[in-house]
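Okay, structure first, notes after.
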Amino acid sequence: MGEKNIKISNPVRNKFLSGANGVNKDLPKAYNPQDYEDKIYEKWEKSGYFNPDICVKKKVCAKDAKPFSIVLPPPNVTGHLHLGHAVMLALQDIMVRYHRMKGDKTLWVPGTDHAAIATQSKVEALLWEKEKKTRHDLGRIEFLKRVEKFAKDSHDTIIKQCKKMGASLDWSREIYTLDKERNLAVRTAFKKMYDDGLIYQGARIVNWDPKMQTTVSDDEVEWKEEKTPFYYLKYGPFVIATARPETKFGDKYVVMHPDDKRYKKYKHGEKIKLEWINGPVAATVIKDKVIDMEFGSGVMTITPWHDAIDFEIAQRHNLDKEQIIDKEGKLLPIAGEFAGMEIRKAREEIVAKLKKKGLLVKIEENYIHNIAVNARGGSLIEPQIMKQWFIGVNQEFKRGGQKTTLKKLMQEAVRPGKIKIIPERFNKTYFHWIDNLRDWCISRQIWFGHQIPVWYREHKNTKTQKHKNNDKEIYVGVKAPEGEGWIQDPDTLDTWFSSGLWTFSPLGWPQKTEDLKIYHPTSVMETGYDILFFWVARMILMTTYLLDEIPFKTVYLHGLIRDEKGKKMSKSLGNVIDPLDVIKKYGTDAVRLSLVIGSTPGNDVKLSEEKIAGYRNFTNKLWNISRYIITNYQLSITNYRFNLEDLTLFDKWILLQMRNLVLAVSEDLENYHFSQAGERLREFTWDDLADWYLETSKFEKNSSKNQILSIILNDLLKLWHPFMPFVTETIWQEAGNKNLLLIEKYPVLDSYKEIWKETNNGDFYPEMILIQKIITAIRNARSENKVEPAKKIKAVIYTKIEEYRKLIRDHEVLIKGLKTGISELEIKVKGEKIAGAIYAVVGDIEIYLIGAIDKDKEKERIKKEIANYEKMIVATENKLKNKEFVAKAPAEIVKKEEEKLKSWQEALEKIKG
RNA sequence: GGACGGCUAGCUCAGUUGGUUAGAGCGCCGCGUUCACAUCGCGGAGGUCACAGGUUCGAGUCCUGUGCCGUCCACCA
């Protein structure tokens, strides 16, 4: 055999020092994350490499490198880090670090969200608690100062916590949904939509929160079940049913299905005089198909001012609408003697009156009724007709000469696959939401937020009649109008209006910035599936409309984090895992792994502290693997050259395993299979590298070991880095590298192409596996026979195959060394059966272990093995007896089955012997 | 009412286009600490892949139906 030199190139940016300076050969036995994490993060941050501009400047990535960008879903400025943030930061950081190492121009933009309603109500609560004051006591300007101060203080907390997760965000670009630039973006967007006729002011039914004194959007209304009495009331000749008699004062329309035979004699539009709560009314009959004939009596009265469905009926038939309840949730004068009462409190008295008047037919107790609650504040929603600002999603406008609507734009961005949603099934959810989308109410009556860029003044100039609005002049603009008497609309915008601009407003829009040109559309939007409607859909709406671009190419939706029983984590249940607690206890890397591995997109993750502890153990394992390599070997060099003849089977094997790992992990990351990538890495690290290769390296000494272990550790740390940045960077530093792992070049397949080729794609694997199998078989046989580990025994191996005898002889030292307890090894062609020895078979090879047998245990073991072989043989024989299988299955599969059968039969015969 | 998801080992979950004896981690059982790691090593037990049909030479995987659990949407007056 001729000598063959193979090269393994190592595309390092900076080489491992060859042991001289900087290598810490005195590493502690256990990795303690707390000793390193903060320092490491500081080092990264100071390096400036989170900023792609600096990467270009320092030639870490090429000027014209492919961009990769993510805009961080902004945490609430007043929030604190929870596991939802943690999983988002972990996944995005994996992508970002991977792409940065790959040499892409990688940008990850951080920001915080002002979270209008949530923040304002928090401050209002504090204000009341501490000073017994309301926002009105302070006035708008003073109150907003307080909110901003509160926001600023807690901003630092959440940012610091994000850094704890190791997130490699470009802090130099940090932004805030309520800062000046974003305000400009909001106003610009508003004006454009207004000018296109997409934003309009109108009196429509909205979700009104009487406690917070503001509207909330449809998506922020939660429905809760409530047990309540259900009242059947006499309404002239009809019986109507209601859970809310207190809203019924103004009811003067009675609605039924046009096909309902029971009410055939009543004609649409017919007026019927009847006695009602506060006296006689003339009710008008309305026929509408929305009525469910099966439900109750099939007849209902409507309250258009305070019910969305009733409102629609009233719109359809052009009916009168009357307000019954005021904005504080109290009854209006229409309620007669009940005026001024809180609606809920009035109920009993109203029912009493109905009863007295003989209008109460019956009460059904325990009726389950759904009530609407504001998801942000928790108070009951009372629908009201109010003048508000809306975005008309079905309003036509022109785009490139064609007529379209916002709804259509949202559909067209996803339907032809321009935007890919992972997992795919959420496409359906997305389209369903769009199909049912109603005009979006964007005005809020709270103070904290982007104030609506609309100004009014008393009408002065008759020439501006076309802008007439309720006798007032109206001005919509990016800047406040010049001139006397203009007063800005006091309302603020729904927080999702500004969030909808979030992929491009952070990049500087409406200015035509470089960032916008390079990084938009962004590469990935990674967020929880619970926020698909609130946010993802609205970003698609805004971006397609304002920029005529998609906001992102891929949407990756992670699941929600639940406790180990699958319950939602909540303070009241006491099952909350605080990421900061577990980071302190187990380290950031362990927390990250526990959130990423074992979770798939769109599916919830059940997290337990045991799981995190498991990954802490793994982190420590990696530390000790590295520690062993660093302290026992001379790490070196950028390019390696080996004589193939010098490499042992295990040397070649570990290099090819690494090659396969580089290939698989890269593919996984490109395809968003984060969990799978992590599992592969873990398997390689623990099973292949630690349990096999490092163990063999203790017995097989050759001149190539330094280099091989340099390659393996080098590439392994790089592959792990996106997942567990802290421990890998720490090891990298302790190994004497002066530069940061953060910006090292990601491993490439190309490095391994020569060894891949020269070994015919791993043609030595069967031999290597045979050695492994012999070792495992011996360990197993010993253990089953209860041979004490310390006891040394003699092994005799028979095989007719000469190559195998040579192979075994060549690996004698391994077979003896790797926890088999073999002191003496004899290798023969064929000999006598050895009585009283433990017996094992590996393919053609028979193994006798002499001097330690436990006869009963051995008999039992052999019996079990025979039964196992017999079972498999019968199954395979049956398969092969099946003529159709042989005829129809691919020849390759049939051949495999035949080979299997043959080898099992041989083994069985030997064992039986 | 509509839609979606899950059901694989005691627990938490992988299982890509159908094809070796269905895998992993944790837990459990047995044995073991000088020599990287007890946050460890070696070995082992444990599964009718929810159920019933169907397609196929062959189904955890594809189709139909059923059951249980979960989530979202709708909001029945």
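Proteins get letters first, then strands, A, B, ... in listed order; numbering begins at 1 in each.
- Closest contact between the side chain of A:Tyr628 and the listed nucleotides B:C76, B:G43, B:A36 involves B:A36.
- The side chain of A:Tyr529 has B:U71 as its nearest neighbour among B:A14, B:U71, B:C73.
- For B:C75, the base has a donor-acceptor partner in the side chain of A:Asn370 [N/O atoms by modelled type, under 3.5 angstrom].
- Under 3.5 Å, the side chain of A:Lys428 and the base of B:C4 form no donor-acceptor pair of N or O atoms.
- Residue side chain A:Glu695 reaches the base of B:A36 through a donor-acceptor N/O pair under 3.5 Å, judged by distance alone.
- For A:Asn780, the listed nucleotide lying nearest its side chain is B:G44; candidates were B:C13, B:G5, B:G44.
- Counting any heavy atom pair closer than 4.0 Å across all strands shown, A:Ile597 reaches no nucleic acid atom.
- The separation of B:C51 from B:C69, taken at their C1' atoms, amounts to 15 Å, rounded to a whole angstrom.
- The side chain of A:Asn620 lies closest to B:U39, out of B:U21, B:U39, B:C42.
- Looking only at atom types and distance, the side chain of A:His257 has no donor-acceptor partner in the side chain of A:Asp288 under 3.5 Å away.
- Closest approach to the A:Met872 side chain among B:A36, B:U21, B:G19 is made by B:U21 (side chain taken as heavy atoms from C-beta onward).
- A:Phe230 comes within 4.0 angstrom of sugar-phosphate atoms only, judged by non-hydrogen atoms across all strands, and of no base.
- Salt-bridge check for A:Glu884 with A:Lys879: failed, with every basic side-chain N at 4.0 Å or more from each acidic carboxylate O.
- Of the candidates A:Trp623, A:Phe723, A:Trp720, A:Tyr31, A:Phe618 forms a ring-ring contact (aromatic ring centres under 6.0 Å, His included) with just one, namely A:Trp720.
- The base of B:A36 sits within donor-acceptor range of the side chain of A:Lys698, with an N or O pair under 3.5 Å.
- Contacts of A:Ser608 with the nucleic acid, taken as non-hydrogen atoms under 4.0 Å apart, are absent.
- Side-chain N/O atoms of A:Trp686 include none lying less than 4.0 angstrom from OP1 or OP2 on B:A24.
- Picking from B:C40, B:U21, B:C37 the nucleotide with the shortest atom distance to the side chain of A:Trp904 gives B:U21.
- The side chain of A:Thr600 places an N or O atom within less than 4.0 Å of a non-bridging phosphate oxygen (OP1 or OP2) of B:A14.
- For the OP1/OP2 pair of B:U39 and a distance below 4.0 Å, the side-chain nitrogens and oxygens of A:Lys29 include no atom meeting the criterion.
- Remark: A:Arg779 qualifies as a cation-pi partner of A:Trp692 under the 6.0 Å distance and 45° angle criteria applied to the six-membered ring.
- A:Lys786 has no side-chain polar atom (N or O) that falls below the 4.0 Å cut-off from OP1 or OP2 of B:C31.
- Contact annotation for A:Arg782: no contact, since no heavy-atom pair falls under 4.0 Å across all strands.
- Checking B:U12, B:U20, B:U39 against the side-chain heavy atoms of A:Lys900 singles out B:U20 as nearest.
- Comment: A:Arg861 does not engage A:Glu784 in a salt bridge, judged by the lack of any side-chain N to carboxylate O separation of less than 4.0 angstrom.
- A:Lys621 comes within 4.0 angstrom of a base, heavy atoms only.
- Taking the six-membered ring for Trp and the full ring otherwise, the centers of A:Phe426 and A:Tyr529 sit less than 6.0 Å from each other.
- Donor-acceptor pairing under 3.5 Å is recorded for the side chains of A:Glu220 and A:Ser217.
- In the set B:C37, B:G43, B:G41, B:G41 carries the atom at the smallest distance from any side-chain atom of A:Lys819.
- Comparing B:A59 with B:A50, their P atoms sit 15 Å apart, to the nearest whole Å.
- Using a 4.0 Å heavy-atom cutoff across all strands shown, A:Asn603 reaches sugar-phosphate atoms only and no base atom.
- Base-pairing analysis of RNA chain B finds the following stems of at least three consecutive Watson-Crick or G-U pairs, with both pairing distances under 3.5 Å: B:1-7 with B:67-73, B:10-13 with B:23-26, B:28-32 with B:40-44, B:50-54 with B:62-66.
- Distance from the side chain of A:Glu784 is smallest to B:G44 among B:C37, B:G44, B:C75.
- With salt bridges taken as basic N to acidic carboxylate O contacts below 4.0 Å, none links A:Lys857 and A:Glu860.
- Side-chain atoms of A:Ala690 lie closest to B:A36 of the nucleotides B:U39, B:A36, B:G44.
- Straight-line distance between the C1' atoms of B:A9 and B:G46: roughly 6 Å, to the nearest whole Å.
- We find that A:Glu897 and A:Lys900 are joined by a salt bridge, their nearest charged nitrogen and carboxylate oxygen being less than 4.0 Å apart.
- Among the heavy atoms of the strands lying under 4.0 Å from A:Asn882 are primed sugar atoms or P, OP1, OP2 only; no base atom is included.
- For the OP1/OP2 pair of B:U39 and a distance below 4.0 Å, the side-chain nitrogens and oxygens of A:Arg616 include no atom meeting the criterion.
- Look at the C1' atom in both B:C63 and B:A22: the space between them is 22 Å, to the nearest Å.
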